[in-house]
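Protein chains get the first letters and strands the later ones, always in sequence-line order, with residue 1 at the start of each. Note that the coordinates shown come from a computational prediction; the quantities given were computed from them, not determined experimentally.
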Amino acid sequence: DAKTTQPNSMESNEEEPVHLPCNHSTISGTDYIHWYRQLPSQGPEYVIHGLTSNVNNRMASLAIAEDRKSSTLILHRATLRDAAVYYCILRHREGSGNTGKLIFGQGTTLQVKP
Amino acid sequence: KAGVTQTPRYLIKTRGQQVTLSCSPISGHRSVSWYQQTPGQGLQFLFEYFSETQRNKGNFPGRFSGRQFSNSRSEMNVSTLELGDSALYLCASSPGFATNEKLFFGSGTQLSVL
């Protein structure tokens, strides 16, 4: 399974932008890059995903490097509610079909200071 | 639309017993996957079902099993419980299993084995 590497933890001040990096040097051409986050005592929550182009949604932006070996999740204005563990995940096809399997790494614990 | 519902929320069992956990996916979703979360191992994939068929299985012993019903509801069973099975068990659903689809997670069942 393709692997991702993320920093263990990051800190941010409230109202400031946050850039969460992810390395995925073994990514293959059909792998989608997904980001999920997990707040305390909750299941993971979808944040954003992309293939090659940068993506924006109401929660965040995803910047994907041209060679696709790294990506960055951008929270434009961090709030205290954004404090969570953020997971960068590659989803890829296995064998003859797609798969719903997510391979979670250790993720990045984001602390947001008021 | 109701989210993914997992029951029960908390469960306490003793070693050697068996347990069944239930997951009701979002209406219209046909894919259900299960994950185990522990402080030491993080989130690990257990298995995935689509239209009552197991499509994928993680690296867990045969004591862990699951099934999916015709209404897409799913159950997982753990027999001969061990202390190490204490974990948060999470269920996720999605419309299908394409790699560009997002997964919706429930809040999980916290299982404690004494």
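- At a 4.5 Å heavy-atom cutoff, the contact between Q41(B) and chain A is made by backbone atoms alone.
- A 4.5 Å side-chain heavy-atom check between Q42(A) and F105(B) finds every atom pair outside the cut-off.
- Atom CG of D67(A) has more than 12 neighbouring heavy atoms from other residues, nucleotides or ligands inside a 6.0 Å radius.
- The 12-atom threshold is exceeded at CG of L51(A), counting heavy atoms of other residues, nucleotides or ligands nearer than 6.0 Å.
- The backbone N or O of N100(B) sits less than 3.5 Å from a side-chain atom of H49(A), completing a donor-acceptor pair.
- Closest non-hydrogen pair, P44(A) versus L90(B), comes out as CD-CD1, 3.8 Å.
- Within 6.0 Å of CZ on R9(B) lie more than 12 heavy atoms contributed by other residues, nucleotides or ligands.
- Counting non-hydrogen atoms of neighbouring residues, nucleotides and ligands closer than 6.0 angstrom, the NZ atom of K69(A) reaches no more than 12 such neighbours.
- The contact between L43(B) and chain A is made by backbone and side chain atoms together, counting heavy-atom distances below 4.5 Å.
- Annotation: the span from Y32(A) atom OH to E101(B) atom CD amounts to 10.5 Å, rounded to 0.5 Å.
- Closest of all the heavy-atom pairs between T99(B) and T30(A) is OG1-O, 4.5 Å.
- The environment of CG in N71(B) is crowded: more than 12 heavy-atom neighbours from other residues, nucleotides or ligands sit within 6.0 Å.
- Within 6.0 Å of CZ on R15(B) lie no more than 12 heavy atoms contributed by other residues, nucleotides or ligands.
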